[in-house]
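Below you'll find the structure, written out as structure tokens, and then a few comments.
In the text below, chain A, chain B and the rest are named by the order of the sequence lines, each starting its count at 1.
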Amino acid sequence: MPIRDEFTKGFWEILPPFRLVLGLCPTLAVTTTGINGIGMGLATTFVLVFSNFFVSLLRRLIPRQVRIASFIVIIASFVVIVELVMKAYFYQLSEFLGIFIPLIVVNCIILGRAEAFASRNNPILSLADGLGIGLGFTISLFVLGSIRELLGSGTLLGFHVMWSSFEPFTFMLKPPGAFVALGILLGLMNLISQYQARKGG
Amino acid sequence: MRDIVRMILVLTLIGAASGLTLSFVHRGTKERIEYQTIKFVKEPAVKKVLTGYDNDPILDRKKIGVGTDERGNPIELIIFPAKRQGQTFAVAIEGKGKGFGGLIGVMVGISKDGQLLDIGITSHSETPGVGSRVEEASFTDQFRGLSAKGALKADGISGATYSSKGVMSAVSQAIGYVANFREEIF
């Protein structure tokens, strides 16, 4: 099943922030809580799914020389839609994510998928690809955000979960904490892959 | 040659389609965004400067035209009325004044008999820790009970003269609106 393969590859094989190490700017900047991670991830997923679909639909129409410009116009349109809709319905989240919503335009995951996948495959496969990568990105941001939230403020999705004498590491909420958390996650993922490779080989 | 025509055509079409879509989305979300901004940015200030009302000033807000800007677009003023038993006894109006780092927005509560009830800063880009001190109660409380008719008297914050003056001129602007559009406002 090619559709299923295109969909599931985004969850592990080419999981964007950890495997491709792409899209790090929003990954590091907004993941101070799990909810923020989900918000950013879903906004990116929406843009990715629709830009992939339209790029793929128009792939035979767009001349090679102006393809990047065309992709960016398509991507930017969906980013503006997300921005307006978020302001209208999730005002506080959009205030927090702030500049990182418009910056989805230059998120290299999205342009990367448009160029590497959607412009070479049919719309259905591109939809599956966009959805898979987008959800993989959302989950990664959620995991990273939750770890930082748990250690940095002792809460998970806004609920207190740590014991009462727990002293939060506020360091984890600061930018360096994002790098540390990302590094540890990357290391863990490599460890698992190595283990799998050894077991398989 | 054919290539160039095709490139121009495709890019133009994509741009036009994008512009068209966005204008529809903009129109569809405009009112809702305005409502959200009022709810999260203006509402706290309105609630601070008005007291003793039994209506919802946010829901009862109305707009009046107060002239045009330099491009000829109409300037709209949003009025938040405070009512008791259906009678408007005070309003909250936002005035703007030039501070040190840009425009300062000040919500001003003015009673029908021309008294300043209170002021609340809605937006500013003043220097943190210096000009931003105009938000503090020790500064804004001075405006309570002043007459909206005579000259405004308030002590500025030392080191933040421009910011203090910006707030003053924002308050004066709001007072000016009430003086000039009294019929429409009350």
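Closest approach of A/Leu61 to B/Arg6, counting heavy atoms only: O-NH2, 2.8 Å. In terms of heavy-atom proximity, B/Gly15 sits nearest to A/Val73 at CA-CG1, 4.3 Å.
Note that OG of B/Ser18 is 8.0 Å distant from CD1 of A/Ile81, once rounded to the nearest 0.5 Å. Here the NZ-CD distance, from B/Lys39 to A/Gln92, works out to 8.0 Å after rounding to the nearest 0.5 Å. The distance from the CD1 atom of B/Ile33 to the CE atom of A/Met86 is 12.0 Å, given to the nearest 0.5 Å.
Contact of the A/Glu95 side chain with the B/Phe40 side chain is not registered, since no non-hydrogen atoms from C-beta on lie closer than 4.5 Å. You'll find the side chain of B/Met7 reaches within 4.5 Å of the side chain of A/Gln65, heavy atoms only. Annotation: side chain of B/Val41 is in contact with side chain of A/Tyr91 (closest heavy-atom distance under 4.5 Å). Looking only at side-chain heavy atoms (C-beta outward), B/Val25 and A/Val80 stay at 4.5 Å or farther from each other. Looking at heavy atoms from C-beta onward, B/Val10 lies in side-chain contact with A/Pro63 at the 4.5 angstrom threshold.
B/Phe139 meets the ring-ring contact (aromatic ring centres under 6.0 Å, His included) test with B/Phe143; sequence neighbours excluded. Residues that satisfy the salt bridge (charged side-chain N to carboxylate O under 4.0 Å, His left out) test with B/Glu31, not counting sequence neighbours, are absent from this structure.
For A/Phe78, no part lies under 4.5 angstrom from a heavy atom of chain B. Looking at B/Ile14, both its backbone and its side chain come within 4.5 Å of chain A, counting heavy atoms on both sides.
Taking non-hydrogen atoms and a 4.5 Å limit, the residue list of residues 130-156 of chain A in contact with chain B is empty. Proximity to chain B at a heavy-atom threshold of 4.5 Å picks out nothing from residues 106-116 of chain A.
Of the listed residues (A/Ala88, A/Ser77, A/Ser70), the greatest number of heavy-atom pairs within a distance under 4.5 Å of chain B belongs to A/Ala88. In terms of non-hydrogen atom pairs under 4.5 Å with chain B, the most contact-rich of A/Ile74, A/Val66, A/Leu58 is A/Val66. The most heavy-atom pairs under 4.5 Å with chain A, out of B/Thr21, B/Leu22, B/Asp3, B/Leu13, come from B/Leu22.
For B/Tyr162, the OH atom counts as loosely surrounded, since its 6.0 Å shell holds 12 or fewer non-hydrogen atoms of other residues, nucleotides or ligands. By the 6.0 Å contact criterion, CZ on A/Phe90 is open, its count of non-hydrogen atoms from other residues, nucleotides or ligands being 12 or less. No more than 12 heavy atoms of other residues, nucleotides or ligands shown are found within 6.0 angstrom of CZ on A/Phe169. Within 6.0 Å of NZ in A/Lys9 there are more than 12 heavy atoms belonging to other residues, nucleotides or ligands. For B/Lys62, the NZ atom counts as densely surrounded, since its 6.0 Å shell holds more than 12 non-hydrogen atoms of other residues, nucleotides or ligands. The environment of CZ in A/Phe179 is sparse: at most 12 heavy-atom neighbours from other residues, nucleotides or ligands sit within 6.0 Å. Other residues, nucleotides and ligands contribute only 12 or fewer heavy atoms inside 6.0 Å of the CD atom of B/Gln87. For NZ of B/Lys48, the number of neighbouring non-hydrogen atoms (other residues, nucleotides, ligands) closer than 6.0 Å is greater than 12.
A donor-acceptor pair under 3.5 Å is absent between the side-chain atoms of B/Arg32 and the main chain of A/Val85, judged by distance alone.
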